[in-house]
Amino acid sequence: PRTATIDVTKETRAMTAPDRPNILYLFTDQQYAGAMSCAGNENLHTPAMDSIAATGVRFENVYCTYPLCTPSRASMFGGRWPHELGITNNGQHIKEAFREQELGHLLSSAGYECVYGGKWHVPETAIPVGHGFRSICGFDDVGLPARCREFLEGTHDRPFFLVASFDNPHNICEWRRQQNLPWGSVGEPPRVEDCPSLPANFAIPPFEPEAIRIVTAANRRLYPDRTYSDEQWRRYRWAYYRLIEKVDAQIGEILHALQDTGLSDNTVVFFSSDHGDHHGAHHLVQKSMMYEEAMRVPLLIRMPGATATNLVDRTHLISAGLDFYATVCD
């Protein structure tokens with residue numbers, strides 16, 4: 001297990017500013033690893049995410065600890081496997097015994113100003129008190145960039161750990177159920193010929209575990225049945241990519257604020273997601289299954305003066321939960 005043991009000493013507190021960079025963690029909900037134009041995907045354009053990759057490192061072999069919101073997010077901020085933290089599904093809290101080891105508490109003890117904006121979902125939608133963070137914005141994709149700018153433009157007498165957590169592209173769930181999208185419409189899909197093609201692994205694998213179709217058949221509100229046409233699948237993929245472009249623009253606003261305030265040169269920027277989305281692979285939507293599309297997530301890291309630029313790492317196998325936690329502590 002790659003858990004970190006942190007000893008907050010006077011020497012740690014006395015480190016100079018260049019040794020103690022600010023940390024900005026930008027992350028989305030339900031974005032699979034290949035859903036960025038910097039990953040070679042021609043179905044969307046993500047200039048903000050691409051800008052982090054161009055000035056840092058894009059890691060390809062990155063996996064969540066569990067393809068579901070609460071368990072995966074608990075690992076990110078708790079640094080352990082979800083079951084160790086007492087979480088095996090949504091709607092569960094981190095065990096009380098591990099609360100003081102959460103990232104917010106550790107970095108606060110080390111002298112960081114820890115602030116959180118956006119979606120928490122461990123399990124409350126917005127972050128409550130008791131996790132080491134000061135909330136600057138509730139569950140609100142639309143308002144989050146402005147709240148982050150206000151924070152960045154403020155006075156900082158110590159390094160900060162700022163988390164900006166977006167809900168999108170999770171709105172693809174509401175889109176498929178033909179519900180109003182919480183953070184705004186993406187418009188109507190174009191003609192089918194102009195929608196993304198079906199994925200190469202669209203077909204159900206011949207030796208797929210029977211349990212997968214038992215689960216999908218029992219949850220028709222979440223998963224489409226066999227009557228979902230190829231045209232509907234292609235429109236679904238179009239909407240999914242538009243939602244990622246929407247959240248990319250909002251991430252871009254925060255990156256511009258970081259640059260405008262002169263904080264960019266001493267801020268480590270992380271970008272990732274809590275889990276992926278099947279987006280038509282294996283005739284599936286959503287997450288929860290242990291397929292590549294649900295398990296593998298994006299990871300971009302930029303640390304001025306330390307990381308290479310425009311580097312793609314295809315070597316290291318990385319946990320988006322356990323390794324993120326340990327790296328932030330380092």
Side-chain angles (χ1 to χ4, degrees), residues 1-3 27-36 39 41 58-92 94 119 121-123 169-170 172-173 176 198-226 228 233 236-237 240-241 243-244 271-299 313-326:
R2 287 168 283 190
T3 54
F27 78 108
T28 58
D29 191 317
Q30 206 158 310
Q31 181 175 350
Y32 87 99
M36 301 181 292
N41 193 322
R58 178 171 66 86
F59 294 87
E60 286 213 333
N61 297 317
V62 185
Y63 293 83
C64 63
T65 56
Y66 197 121
L68 192 63
C69 290
T70 299
S72 177
R73 290 162 179 263
S75 281
M76 287 179 184
F77 294 98
R80 295 175 180 270
W81 292 103
H83 71 275
E84 293 182 278
L85 297 169
I87 296 177
T88 56
N89 209 330
N90 286 338
Q92 299 173 326
I94 293 174
K119 188 172 186 176
H121 206 184
V122 193
H170 191 281
I172 193 62
C173 301
R176 200 199 67 78
L198 296 173
N201 59 351
F202 177 63
I204 298 174
F207 301 106
E208 179 184 76
E210 184 182 4
I212 290 179
R213 298 305 148 177
I214 293 174
V215 169
T216 58
N219 292 275
R220 284 299 173 218
R221 181 173 175 271
L222 302 180
Y223 300 99
D225 60 22
R226 299 295 182 89
Y228 209 62
W233 281 110
Y236 175 96
R237 285 166 58 79
Y240 180 65
Y241 289 133
L243 288 166
I244 293 172
F271 169 76
S272 191
S273 192
D274 57 353
H275 53 73
D277 182 278
H278 289 106
H279 63 285
H282 320 295
H283 269 70
L284 287 171
V285 297
Q286 294 272 347
K287 52 272 185 179
S288 300
M289 313 303 178
M290 301 285 280
Y291 277 125
E292 188 86 354
E293 292 77 16
M295 292 293 299
R296 195 160 68 92
V297 295
L299 177 62
D313 186 303
R314 298 182 175 91
T315 302
H316 295 93
L317 181 64
I318 296 172
S319 168
L322 309 184
D323 289 323
F324 169 74
Y325 177 98

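Note that the structure is predicted; figures quoted are calculated from it, not measured.
How far CG of L68 is from CD1 of I87: 10.5 Å, rounded to the nearest 0.5 Å. In this structure, S319 OG and N61 CG are separated by 13.0 Å, a value rounded to the nearest 0.5 Å. In this structure, K119 NZ and R73 CZ are separated by 5.5 Å, a value rounded to the nearest 0.5 Å. Taken from CD1 in I204 to OG1 in T216, the straight-line distance is 7.5 Å, to the nearest 0.5 Å. Of the inter-residue distances, the one linking F271 atom CZ with R58 atom CZ reads 12.0 Å to the nearest 0.5 angstrom. Atom OG1 in T65 sits 11.0 Å away from atom CG in D323 (nearest 0.5 Å).
In terms of modelled atom types and a separation under 3.5 Å, the side chain of H278 and the main chain of Q286 share a donor-acceptor contact. At distances below 3.5 Å, at least one donor-acceptor pair connects side-chain atoms of T70 with backbone N or O atoms of H121. The main-chain N or O of G34 is found under 3.5 Å from a side-chain atom of N41 such that the two form a donor-acceptor pair. Not one N or O on the side chain of R176 forms a donor-acceptor pair closer than 3.5 Å with the backbone of V285. Of the possible donor and acceptor atoms, one in the side chain of R296 sits under 3.5 Å from a partner among the backbone N and O of E60. In this structure, Y66 contributes its side chain and T88 its backbone to a donor-acceptor pair below 3.5 Å. Remark: side-chain polar atoms of S272 are paired, donor with acceptor, to backbone N or O of P298 under 3.5 angstrom. Here the side chain of S72 pairs a donor or acceptor atom with the backbone of D274 at under 3.5 angstrom.
Counting heavy atoms from C-beta outward, P169 and T28 have side chains that approach closer than 4.5 Å. In this structure, P82 and Q92 have side chains that are not in contact, with every pair of non-hydrogen atoms separated by 4.5 Å or more. Between C69 and H275, some side-chain heavy-atom pair lies under the 4.5 Å cut-off. Using a 4.5 Å heavy-atom cutoff, the side chains of M36 and Q31 are in contact. By the 4.5 Å heavy-atom criterion applied to side chains, W233 and H283 are counted as neighbours. Inter-residue side-chain proximity for P71 and N90 is flagged as met; some heavy-atom pair is nearer than 4.5 Å. Residues I94 and F77 form no side-chain contact, since every pair of their non-hydrogen atoms from C-beta on lies 4.5 Å or further apart.
Atom CZ of R220 sits in a crowded spot, with more than 12 heavy atoms from other residues, nucleotides or ligands closer than 6.0 Å.
Ring geometry for Y240 versus H279: interplanar angle under 30°, hence parallel rather than tilted (30 to 60°).
Between H282 and P205, the closest heavy-atom pair is ND1-CG, 3.6 Å. Scanning both residues, A281 and P199, for their nearest heavy atoms gives N-CG, 3.8 Å. Scanning both residues, C64 and A294, for their nearest heavy atoms gives SG-O, 3.9 Å. Closest approach of Q30 to S273, counting heavy atoms only: N-OG, 3.4 Å. Closest approach of Y241 and A35 over heavy atoms only: CE2-CB, 4.3 Å. Between L85 and A74, the shortest heavy-atom contact is CD1-O, 3.3 Å.
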Is there a side chain to side chain contact (heavy atoms under 4.5 Å, CB included) between Y291 and I212 once you walk through the steps? CA-CA 11 Å; Y291 277 125; I212 290 179; 3.8 Å; yes
What do the steps show when you test I318 against F324 for side chain to side chain contact (heavy atoms under 4.5 Å, CB included), and what is the final call? CA-CA 9 Å; I318 296 172; F324 169 74; over 6 Å; no
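At a cut-off of 3.5 Å, with distance as the only test, a side-chain donor of N201 or E293 sits close to an acceptor on the other residue.
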